[in-house]
Number of protein chains: 2
Amino acid sequence: MPRTLSLNAKIQQLRQFLRQERRLPSYREMLDVFDYRSTNAVSGLVRKLVEHGYLLRDDAGHLAPTSKLSGTVKLLGLVQAGFPAPAEEDEVDVVSLDDYLIRRPEASFLLTVNGDSMIDAGIQPGDLVLVEKGATPRIGQIVVAQVDGEWTLKYYAKDSAGVRLDPANRNYRFIRPRQSLHIGGVVRGVVRKYD
Amino acid sequence: MPRTLSLNAKIQQLRQFLRQERRLPSYREMLDVFDYRSTNAVSGLVRKLVEHGYLLRDDAGHLAPTSKLSGTVKLLGLVQAGFPAPAEEDEVDVVSLDDYLIRRPEASFLLTVNGDSMIDAGIQPGDLVLVEKGATPRIGQIVVAQVDGEWTLKYYAKDSAGVRLDPANRNYRFIRPRQSLHIGGVVRGVVRKYD
DNA sequence: CTTGATGGTGAACGATTGTTCAGTTATGGG
DNA sequence: CCCATAACTGAACAATCGTTCACCATCAAG
């Protein structure tokens, strides 16, 4: 059989360009990226990348990177399973944290947690909560709510007396809205960064 | 003075195209996006977008979106401060979770937490830990380590007897490596998603 | 109301784009 | 070793790219 090319090396090179330039290279720029000398070679490679789902071609023929290409983190299994062998590292899924966490970008906000009232829910001071503004909360979900003029982070609950906002900390008591209750949004995720 | 255009509306339209097509539109495609009829109008708008930091122009003149444009979440302040008024909503920072959390994409992995041994550190079963593989741990940091053949998530500590791996749960005891200790990576962040 | 600057139209330009074709090179299976 | 075939070279192509020009429209300040 004829000579075969290793896609993985090419994909790595393309990823690097994508990260640095934040765009896809043109075919002539790919000459440098892939160390080719003919744009026809690029054309063939691009066709393969489309076949393998790294690039997407729209109706007009324009190319765009898929999340498989532009993803920034390799998604593995359980901590117990550890890391894959270098040989298998090319086959793991690559995801984007944005795509993973955010469903409605236009309604999504990040807020910094300041109290410890949700500590038993694993939400610590300094954490960022990803909030979907305007969403309708279900019971048991965590909401950002304005109660009697003050914004807080609490579990959304209901009982015979109506809506109740529960903290996740035994040292705090639940809140019962007196005058007003305004649900700002529903917490869809939590992000913590260590420095 | 002459008539003024509202950049914010244009930026929204551009963001929508960017999310759907995963690439920047060409000038003629921008005619539709911005409802223009001359590519000269597009040219002027692009120049403004570059000036305001939404687009980046490299040495060769190629355009690329900045994180200010391609960011997916609006970064606000403390939970206490609540949400901005709709009028001020255009002025908040827009960030990408990938850019925020990930420094070295090529060495970054996501692992699913399965035990509750780090629960007091706010890391629950089902959470994803963002691990930077191969990084050297400092004392007090959380690491993914292989101790005597088994992979675990623990605090990295040292005492007079050498390296010690501490859980964040009173029901568990610290681990002292007997035969082998292999630090897989350092935990740089935690991501939790609610369904 | 006039004026000046900004936003926009319409059309033309050379440059760059991706495609295509004929031909060459390299390599793994028989 | 040889051969079939995928990978690649080099060059030409029309199509599309972003830039630029002259000119018109609009609107706020004086």
Side-chain angles (χ1 to χ4, degrees), chain A residues 1-18 20-66 68-70 87 90, chain B residues 1-18 20-66 68-70 87 90:
Chain A
M1 277 295 163
R3 52 178 166 166
T4 54
L5 62 76
S6 77
L7 266 188
N8 289 327
K10 308 289 182 186
I11 291 166
Q12 290 300 327
Q13 295 166 320
L14 188 52
R15 279 218 180 92
Q16 191 180 338
F17 187 99
L18 207 58
Q20 284 187 9
E21 305 288 330
R22 306 185 67 92
R23 62 178 176 87
L24 279 184
S26 71
Y27 278 37
R28 319 235 167 202
E29 287 175 316
M30 290 192 202
L31 292 181
D32 285 336
V33 174
F34 299 129
D35 197 32
Y36 282 154
R37 237 153 292 184
S38 167
T39 54
N40 183 31
V42 174
S43 182
L45 177 60
V46 165
R47 191 157 19 83
K48 288 218 157 185
L49 290 174
V50 171
E51 285 174 7
H52 286 76
Y54 291 98
L55 293 175
L56 208 66
R57 179 159 246 145
D58 67 9
D59 302 332
H62 290 112
L63 288 176
T66 63
K68 201 172 175 181
L69 186 68
S70 63
D90 296 321
Chain B
M1 278 293 162
R3 52 178 167 169
T4 54
L5 61 76
S6 78
L7 266 187
N8 290 326
K10 309 288 181 186
I11 290 166
Q12 289 302 326
Q13 295 166 320
L14 188 52
R15 280 217 179 93
Q16 190 180 338
F17 187 100
L18 207 59
Q20 283 187 8
E21 305 288 330
R22 307 184 67 93
R23 62 178 175 85
L24 278 184
S26 71
Y27 278 38
R28 316 231 172 206
E29 287 175 316
M30 290 193 202
L31 292 181
D32 284 337
V33 173
F34 299 129
D35 196 33
Y36 282 154
R37 236 154 292 186
S38 168
T39 54
N40 182 34
V42 174
S43 183
L45 177 59
V46 165
R47 188 156 26 82
K48 286 219 156 185
L49 290 174
V50 171
E51 284 174 8
H52 286 75
Y54 292 98
L55 293 174
L56 210 66
R57 180 160 246 142
D58 67 8
D59 302 331
H62 291 110
L63 288 176
T66 63
K68 201 172 174 183
L69 187 68
S70 63
D90 297 321

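Each chain gets a letter, A, B and so on, in the order the sequences are listed, and its residues count up from 1. Keep in mind that this is a model prediction, so the values were computed, not measured.
Here D:dT16 presents its C1' atom at 17 Å from CG of A:Asp59, a figure rounded to the nearest Å. Distance B:Arg47 CZ to C:dG7 C1': 11 Å, rounded to the nearest Å. In this structure, A:Met30 atom CE and D:dC8 atom P are separated by 14 Å, rounded to whole Å. Straight-line distance from the CG atom of A:Leu7 to the P atom of D:dA7: 9 Å, rounded to whole Å. Following rounding to the nearest Å, B:Glu29 (CD) and C:dT17 (C1') show an atom-to-atom distance of 13 Å. We find that CG of A:Leu31 is positioned 10 Å from P of C:dG18, with the value rounded to whole Å. Protein atom CG of B:Leu45 is 13 Å distant from nucleotide atom P of D:dG18, rounded to whole Å. Atom CZ in A:Arg23 sits roughly 13 Å away from atom C1' in C:dT17 (whole-Å rounding).
Here the options are A:Glu29, A:Glu21, A:Arg22, the test is side chain to side chain contact (heavy atoms under 4.5 Å, CB included), and the partner is B:His62; only A:Glu29 passes.
Not one side-chain nitrogen or oxygen of A:Ser38 sits closer than 4.0 Å to the OP1 or OP2 atom of D:dG10. For A:Lys48, a side-chain nitrogen or oxygen approaches OP1 or OP2 of D:dA7 to under 4.0 Å. For D:dC8, the OP1/OP2 oxygens have a side-chain nitrogen or oxygen of A:Tyr36 closer than 4.0 Å.
Considering only side-chain atoms of B:Thr39, the nucleotide from C:dT20, C:dA11, C:dT9 that sits closest is C:dA11. The side chain of B:Asn40 has C:dT9 as its nearest neighbour among C:dT17, C:dT9, C:dT20. Residue A:Ala41 places its side chain closer to D:dT9 than to any other of D:dT9, D:dT19, D:dC17. Distances from the side chain of A:Arg37 to the nucleotides D:dT20, C:dT9, D:dG10 place D:dG10 closest. In this structure, of C:dA11, C:dC21, C:dT17, it is C:dT17 that holds the atom nearest to the side chain of A:Arg28. Of the candidate nucleotides C:dT20, C:dG18, C:dG8, C:dG18 has the atom nearest to the side chain of A:Arg57.
Considering all non-hydrogen atoms of both residues, A:Pro65 and A:Leu18 come closest at CB-CD2, 3.9 Å. Contact record, B:Leu63 with B:Arg57: CD2-CZ, 4.0 Å, taken as the closest heavy-atom pair.
B:Asp32 has its side chain out of reach of B:Phe17: every pair of non-hydrogen atoms, C-beta onward, lies at least 4.5 Å apart. Considering only heavy atoms from C-beta on, B:Val46 comes within 4.5 Å of B:Met30 through its side chain.
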